[in-house]
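Before any comments, here is the structure.
Every heavy atom of this structure was used, including side-chain atoms; hydrogens, water molecules and symmetry mates were not.
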Amino acid sequence: MSRTTLCAATAAVLALLSLGVMALRHHVMGDEVKVPHGPGTWKVAMVVQGRSEGDAKLLTLTPLDFGRQHVVRESCQSAEFLDAAPETRHDKAPEGRHPERRRVLWKKRVGAGDGPFRLRYEFYCTVDSHRASAPMSDLAKALSAPPKPGQDLDVARRSDPDPVSDLARQLTAGLDQPLEQAEALFRHVDREIANEPSLGGPALQPVDCLKAGAGASASKARLLVALLRHRSIPARLVTGVTLTRGLDQHAHNWVEAWLDQRWLPMCPVHHRFGEVPPTYLVFTCGDTPVVVGHHVSDLNHAFLVEKVGPEGAAADAGPLRRAFLAVSLWVLSPNDQELVRFLLLLPVAALIVCLFRNVIGLASFGTFAPALLGLAFREFHSMPGLLVFVAIVLVGWLMRRLLNHYHLLQVPRTAFMLSLIVVVLIGLTMLANYRSLSATRYVAIFPMVILTGMIERFWTLETEDGTSSSFRTLVTTMIIAATIALVLSFHAVVNHLFCFPETVGLIMAAQLLLGRYTGYRLSELFRFRDFLGRRPGLRIVGTED
């Protein structure tokens with residue numbers, strides 16, 4: 001069997017397997033391939049509105065991925081604000097110092113003026129019993145850990161009479177056990193403090209809530225936390241959403257107190273002591289607002305909660321459907337989902353590079369440097385970063401010409417060039433800061449090693465083939481990178497790869513076939529178009545009959 005036949009046969013097998021798995025997955029799971037919608041799956045949309053004034057920024061809380069709750073899919077939309085690329089925009093991964101929260105950073109779009117704005121953050125989540133991943137289990141352990149000495153007991157000692165402290169002593173008089181004291185304090189807030197609807201504004205302070213005799217969930221939770229802490233019971237505020245169908249919901253707050261070596265939940269609004277249902281979706285443990293804005297006014301937000309899919313759908317699932325659900329990429333944590341999405345784009349980018357180089361015949365700096373550049377700038381709003389990238393390459397090329405006079409060895413020269421690039425980028429960052437430019441938006445995602453390698457290749461090509469050849473290669477490299485960025489910026493492409501990861505088999509089949517392609521390239525056909533256009537039988541001067 002020839003090598004060409006072997007490649008063709010292998011490519012056919014890969015293509016048939018990929019198409020077969022895709023068809024079977026879609027037949028067994030139906031629309032659940034795109035988003036799981038079994039029992040315990042909910043869709044939540046948060047809308048934020050306000051007015052921007054100057055360099056506006058916002059931070060919005062997102063639900064935690066731990067224990068009983070799993071975030072399946074997230075998306076951010078706004079005409080006035082950007083949530084930057086996944087590598088830079090989110091502190092979505094639980095922060096090292098703050099594992100109890102995840103947030104999305106929103107920045108104003110370039111060219112967007114002051115005035116009204118609207119943000120939409122949407123996610124799907126499941127709250128049924130399922131096997132937790134390792135990151136989910138680790139975060140659950142971190143959140144259930146006992147408080148450190150003095151933590152969650154930040155009650156200021158005052159000489160003036162404090163009505164909250166006096167009430168705490170009165171309600172717990174004669175009660176020695178912390179659990180009994182906590183229950184007595186809870187019953188008072190539950191029964192004596194009336195419930196009020198949330199208006200989306202700031203919560204009342206504990207003293208004000210006590211004087212008013214009424215409050216929303218945040219106000220009553222703060223009052224209960226203050227009462228517990230006055231009795232030396234560690235307590236913390238929990239912010240989240242109650243997963244019940246309804247329009248214009250606001251964030252819900254409840255309390256957790258450290259009792260009997262565990263965090264005991266209490267909800268004085270819905271009269272729950274000792275446990276809360278799994279439909280209490282946790283956003284953060286702590287007194288952190290759902291939305292925080294800088295240089296914004298009239299800030300307001302609300303939630304829309306919808307149940308997804310029929311009840312009891314998973315009970316009738318067959319073994320094949322359960323197998324597909326078990327290996328679905330939706331079971332990954334949000335961080336891992338972002339990583340897998342990026343990894344799935346690499347084969348597509350590599351295929352585009354193969355098409356340009358082996359079929360069209362365009363040269364580039366490096367084999368996969370255009371692919372990495374295209375992935376770095378794959379969002380539409382990052383496309384101007386390619387121009388900034390070219391400018392930095394040209395500046396580096398000039399510095400490389402000056403550095404040639406020193407006749408350094410290759411490795412120290414490359415290291416020195418990398419240091420020079422870092423200095424230039426820091427200088428650009430400082431300049432952008434003083435001139436209110438937006439170049440820093442792109443500097444942060446530049447692959448430093450790719451920059452250094454491209455500058456070195458630019459210099460080598462200029463030395464060997466001349467300046468015009470090196471500039472032509474730079475232009476074609478940018479064309480390939482821009483094409484990759486454009487193709488991979490379509491969400492339909494990314495979503496298809498994530499829902500049907502077996503598509504990689506089709507890509508690999510195409511790469512195998514391209515690996516045996518030895519025909520004319522399109523650029524060669526264009527170069528020799530005059531020769532190919534001669535009429536048959538025409539005698540060419542200088543050739544034999």
Side-chain angles (χ1 to χ4, degrees), residues 61 100-101 143-144 146-148 150-158 161-242 249-277 279-290:
L61 283 176
E100 74 283 356
R101 71 186 183 206
L143 295 178
S144 61
K148 298 178 181 179
Q151 187 180 9
D152 299 317
L153 287 171
D154 53 347
V155 177
R157 300 300 180 183
R158 302 176 182 176
D162 185 356
V164 177
S165 178
D166 295 340
L167 178 62
R169 283 194 297 269
Q170 294 174 10
L171 294 175
T172 57
L175 301 177
D176 298 328
Q177 298 299 322
L179 183 60
E180 295 176 347
Q181 296 178 356
E183 187 171 2
L185 299 174
F186 168 79
R187 297 303 176 194
H188 179 84
V189 178
D190 180 35
R191 298 171 182 174
E192 303 300 328
I193 307 298
N195 290 334
E196 286 185 343
S198 175
L199 300 177
L204 296 175
Q205 294 299 319
V207 175
D208 298 329
C209 181
L210 182 60
K211 290 180 180 179
S217 65
S219 303
K220 295 183 68 171
R222 283 185 175 184
L223 175 59
L224 181 55
V225 166
L227 290 170
L228 291 166
R229 290 178 176 180
H230 273 293
R231 291 290 82 199
S232 299
I233 299 175
R236 64 189 184 189
L237 194 72
V238 183
T239 302
V241 173
T242 53
Q249 296 187 28
H250 290 278
H252 185 68
N253 296 93
W254 62 98
V255 178
E256 288 183 346
W258 183 254
L259 295 164
D260 293 338
Q261 300 301 308
R262 70 185 183 99
W263 288 104
L264 193 72
M266 311 174 191
C267 180
V269 173
H270 295 151
H271 322 294
R272 297 184 180 277
F273 181 83
E275 63 177 0
V276 293
T279 51
Y280 275 46
L281 191 68
V282 178
F283 274 55
T284 183
C285 294
D287 197 357
T288 303
V290 175

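Of all heavy-atom pairs between Asp162 and Val207, the closest is OD1-CG2, 4.3 Å. Pairing each heavy atom of Gln151 with each of Pro234, the nearest pair is O-CB, 4.1 Å. Nearest heavy-atom pair, Val290 versus Ala251, reported as atom, atom and distance to 0.1 Å: CG2-CB, 3.6 Å. Of all heavy-atom pairs spanning Leu237 and Val225, the tightest one is N-CG2, 4.2 Å. Of all non-hydrogen atoms in Pro147 and Asp152, the two that sit nearest each other are CB-OD2, 3.9 Å. Closest of all the heavy-atom pairs between Glu256 and Pro265 is CG-CA, 4.1 Å.
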Side chain to side chain contact (heavy atoms under 4.5 Å, CB included) between Leu259 and Met266, intermediate numbers included: CA-CA 12 Å; Leu259 295 164; Met266 311 174 191; 4.0 Å; yes

Show your working on side chain to side chain contact (heavy atoms under 4.5 Å, CB included) between His270 and Trp254 and close with a plain yes or no. CA-CA 9 Å; His270 295 151; Trp254 62 98; over 6 Å; no

Begin with the C-alpha distance, continue with both residues' side-chain angles, and end with the deciding distance and a verdict on side chain to side chain contact (heavy atoms under 4.5 Å, CB included) for Thr279 and Thr242. CA-CA 6 Å; Thr279 51; Thr242 53; 6.0 Å; no

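For the pair Lys211 and Asp208, the salt-bridge criterion is not met [side-chain N within less than 4.0 Å of a carboxylate O].
Going from atom SG of Cys267 over to atom NE2 of His252 covers 3.5 Å, rounded to the nearest 0.5 Å. Taking CZ from Phe273 and CG from Leu264, the interatomic distance works out to 5.0 Å, rounded to the nearest 0.5 Å. Atom CG of Leu167 sits about 9.5 Å away from atom CD of Glu192, to the nearest 0.5 Å. To the nearest 0.5 Å, atom OG1 of residue Thr239 and atom CG of residue Leu281 are 11.5 Å apart. Between atom CG of residue Leu204 and atom OG of residue Ser219 there is a gap of 3.5 Å, rounded to the nearest 0.5 Å. Between the OG1 atom in Thr172 and the CD1 atom in Ile233 there is a gap of 8.0 Å [rounded to 0.5 Å].
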Under 3.5 Å, which donor-acceptor pairs do the side chains of residues 179-190 form with other protein atoms, sequence neighbours left out?
residue	atom	partner	partner atom	Å
Gln181	NE2	Leu175	O	2.8
Glu183	OE2	Arg187	NH2	3.4
Asp190	OD1	His271	ND1	2.5

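Proximity of a side-chain donor or acceptor of Asn253 to a complementary backbone N or O of Ser217 within less than 3.5 Å is not detected. A donor-acceptor pair under 3.5 Å links the side-chain atoms of Arg229 to the main chain of Ala235, judged by distance alone.
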